[in-house]
K.L.:
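Here you go, one structure.
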Amino acid sequence: MSLNPEERRQRRGEFRRMDLADKLSFLFTYFKLPILLGLIALILLGGGIHRWVTHREPVLYAAYINVSVGEALEARLNEDFLTAEGYDPRKTEVYLYRALYLSNDAADSDHEYAYASRMKLLASIDAKQLDLVLMNREGYDILSNSGYLLPLPELLSECGCSELEPMLAENAVIVADNAVEVELSEAERYEAVTEEAANAIDLSGHPLFREAGFPDAVYLGAIANSPRLDAAGQYLKYLNDLAAN
């Protein structure tokens, strides 16, 4: 119901005579919905502005599998790569999947974590949001056997990575097996047909990794279905140039 001018003046006078607590209570009682809607709008607007300001476009997607990388080395591998290749680190990034763990040991105490990591890894590969993997030997064996890694000689040749070519590592790729038959109890013994592929780089002798003091061999591989092989080649060239200096 609308108020006439006299009633509106009376209401304003009553409002002015209220103390602060009564004024706040009055405003909330009669203007609760507009206030809440305004606050929600401000929160959504602020979140949108924050995402717009802080968003960085991935140049590459990389994963650390069964390896732990310190802050200093991670900065050399990622932020310094972006700067060296002319990207703006404020607007671009190497998107990282950290602390993934893979194991084929069913008795492993971290079996559930290994399963969750495998699912996350497979989902990122299926979505074509994984390009490079830094891994230990066990992770390398699992990804190579499964056929997820790209043979690297051609890519290294294309990007002129002569320093990395002697670091190429070979591993088995399973071409065919009877895993389904074993699972269905139609075969007693697991058998597989494999072929060798040069599908990773053993970075143990690379200056960056030698200085970092990794206790075991560390391998870098490229995912076979990566749509960003040009950027992956840039990354390999960056590591190649560091090895040459």
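Note that the structure is predicted; figures quoted are calculated from it, not measured. All values below were derived from every heavy atom in this structure, side-chain atoms included, with hydrogens, water molecules and symmetry-related copies excluded.
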K.L.:
Please check: side-chain N/O of Asn178 versus main-chain N/O of Arg189, any donor-acceptor pairing under 3.5 Å?
P.N.:
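Yes; at least one donor-acceptor contact below 3.5 Å.
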K.L.:
Can you sort out the partners of Glu186 under side chain to side chain contact (heavy atoms under 4.5 Å, CB included), two or more places apart, ordered by chain and number?
P.N.:
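By the side chain to side chain contact (heavy atoms under 4.5 Å, CB included) rule, Glu186 matches Glu181, Leu184.
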K.L.:
Search all heavy atoms of Arg56 against all heavy atoms of Arg90 and return the closest pair with its distance.
P.N.:
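So the minimum-distance heavy-atom pair works out to CG-O, 3.3 Å.
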K.L.:
Do the side chain of Asn240 and the main chain of Ser162 share a donor and acceptor less than 3.5 angstrom apart?
P.N.:
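Here the side-chain-to-backbone pair exists.
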K.L.:
Only one of Asn199, Leu229, Asp131 forms a side-chain contact (heavy atoms from CB on, under 4.5 Å) with Leu150, so which one is it?
P.N.:
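Testing Leu150 for a side-chain contact (heavy atoms from CB on, under 4.5 Å) against Asn199, Leu229, Asp131 leaves exactly one candidate, Leu229.
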K.L.:
Looking at CD of Glu170 and OG of Ser144, how far apart are the two atoms once the value is rounded to the nearest 0.5 Å?
P.N.:
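Answer rounded to 0.5 Å: 10.0 Å.
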K.L.:
How many angstroms lie between CG in Asn66 and CD in Glu138, if you round to the nearest 0.5 Å?
P.N.:
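Between Asn66 CG and Glu138 CD, I get 5.5 Å after rounding to 0.5 Å.
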K.L.:
Are the side chains of Glu57 and Asp88 in contact, using a 4.5 Å heavy-atom criterion?
P.N.:
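Sidechains of Glu57 and Asp88: no contact.
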K.L.:
Tell me, with the steps shown, if Lys91 and Leu82 meet side-chain contact (heavy atoms from CB on, under 4.5 Å).
P.N.:
CA-CA 10 Å; Lys91 298 180 180 179; Leu82 294 171; over 6 Å; no
K.L.:
Please report the closest heavy-atom contact between Gly147 and Val173, naming both atoms and the distance.
P.N.:
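For Gly147 versus Val173, the nearest heavy atoms are CA-CG1, 4.0 Å.
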K.L.:
With a 4.5 Å cut-off on side-chain heavy atoms, are Gln234 and Phe81 touching?
P.N.:
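When only atoms from C-beta onward are counted, Gln234 and Phe81 do touch, with a gap below 4.5 Å.
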K.L.:
Looking at NE2 of His206 and CD of Glu211, how far apart are the two atoms once the value is rounded to the nearest 0.5 Å?
P.N.:
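The CD atom of Glu211 is 9.5 Å from NE2 of His206, to the nearest 0.5 Å.
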K.L.:
With rounding to the nearest 0.5 Å, note down the distance linking SG in Cys161 to CG in Asp241.
P.N.:
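Answer rounded to 0.5 Å: 7.5 Å.
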K.L.:
Residues sharing Leu100's hydrophobic cluster, by side-chain heavy-atom contacts under 4.5 Å among ILVMFWY, directly or via others?
P.N.:
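Its cluster partners, ordered by chain and number, are Tyr61, Ile65, Tyr95, Tyr97, Leu102, Tyr115, Met119, Leu121, Leu122, Ile125, Leu130, Val133, Met135, Tyr140, Ile142, Leu143, Tyr148, Leu149, Tyr219, Ile223.
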K.L.:
Just by distance, with hydrogens left out, do Asp202 and Ser204 show a side-chain donor and acceptor under 3.5 Å apart?
P.N.:
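Yes, because at least one side-chain N or O of Asp202 sits under 3.5 Å from a partner of the opposite role on Ser204.
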K.L.:
What pairs with Ala172 under side chain to side chain contact (heavy atoms under 4.5 Å, CB included), at least two apart in sequence or on another chain?
P.N.:
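Partners of Ala172 under the side chain to side chain contact (heavy atoms under 4.5 Å, CB included) test: Asn145, Thr194, Glu196.
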K.L.:
Under the side-chain contact (heavy atoms from CB on, under 4.5 Å) criterion, do Asn78 and Glu93 qualify, and how do the steps go?
P.N.:
CA-CA 7 Å; Asn78 301 309; Glu93 66 174 340; over 6 Å; no
K.L.:
For the CD atom of Glu163 and the CG atom of Leu156, what is their distance to the nearest 0.5 Å?
P.N.:
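Reported to 0.5 Å precision, the distance equals 12.0 Å.
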K.L.:
Which label fits Phe214 and Phe209: parallel for a plane angle under 30°, tilted from 30 to 60°, or perpendicular past 60°?
P.N.:
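Because their plane-to-plane angle lies in the 30° to 60° range, the rings of Phe214 and Phe209 count as tilted.
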K.L.:
Closest approach of Val94 and Ala62, non-hydrogen atoms and distance?
P.N.:
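Between these two residues, the closest heavy atoms are CG1-CB, 4.1 Å.
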K.L.:
Indicate the atoms forming the closest heavy-atom contact of Leu242 with Pro207, along with that distance.
P.N.:
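Between these two residues, the closest heavy atoms are O-CG, 4.2 Å.
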K.L.:
Please say whether more than 12 non-hydrogen atoms of neighbouring residues, nucleotides or ligands are located less than 6.0 Å from CG in Asp230.
P.N.:
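At most 12 heavy atoms, drawn from other residues, nucleotides or ligands, come within 6.0 Å of this atom.
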K.L.:
For the OH atom of Tyr64 and the CG atom of Leu132, what is their distance to the nearest 0.5 Å?
P.N.:
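Rounded to the nearest 0.5 Å, the OH-CG separation comes out at 10.5 Å.
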K.L.:
Between Arg210 and Gly205 (side chain of the first, backbone of the second, donor and acceptor by atom type, cut-off under 3.5 Å), is there such a pair?
P.N.:
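Pair found, side chain donor or acceptor close to backbone of Gly205.
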K.L.:
Are side-chain heavy atoms of Glu74 and Leu96 found at a separation under 4.5 Å?
P.N.:
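They are in side-chain contact.
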K.L.:
Going only through I, L, V, M, F, W and Y residues with side-chain contacts under 4.5 Å, is there a path from Val59 to Leu134?
P.N.:
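The answer is yes; both residues are in one hydrophobic cluster.
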K.L.:
Heavy atoms only: give me the nearest Leu236-Cys159 pair and the separation to one decimal.
P.N.:
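It is CB-SG, 4.3 Å.
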K.L.:
With a 4.5 Å cut-off on side-chain heavy atoms, are Asp80 and Tyr238 touching?
P.N.:
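When only atoms from C-beta onward are counted, Asp80 and Tyr238 do touch, with a gap below 4.5 Å.
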K.L.:
Please report the closest heavy-atom contact between Leu168 and Pro153, naming both atoms and the distance.
P.N.:
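The pair with the smallest heavy-atom distance is CD1-CG, 4.1 Å.
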K.L.:
Could you tell me if the side chain of Ile201 sits less than 4.5 Å from the side chain of Leu239, heavy atoms only?
P.N.:
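No, side chains not in contact.
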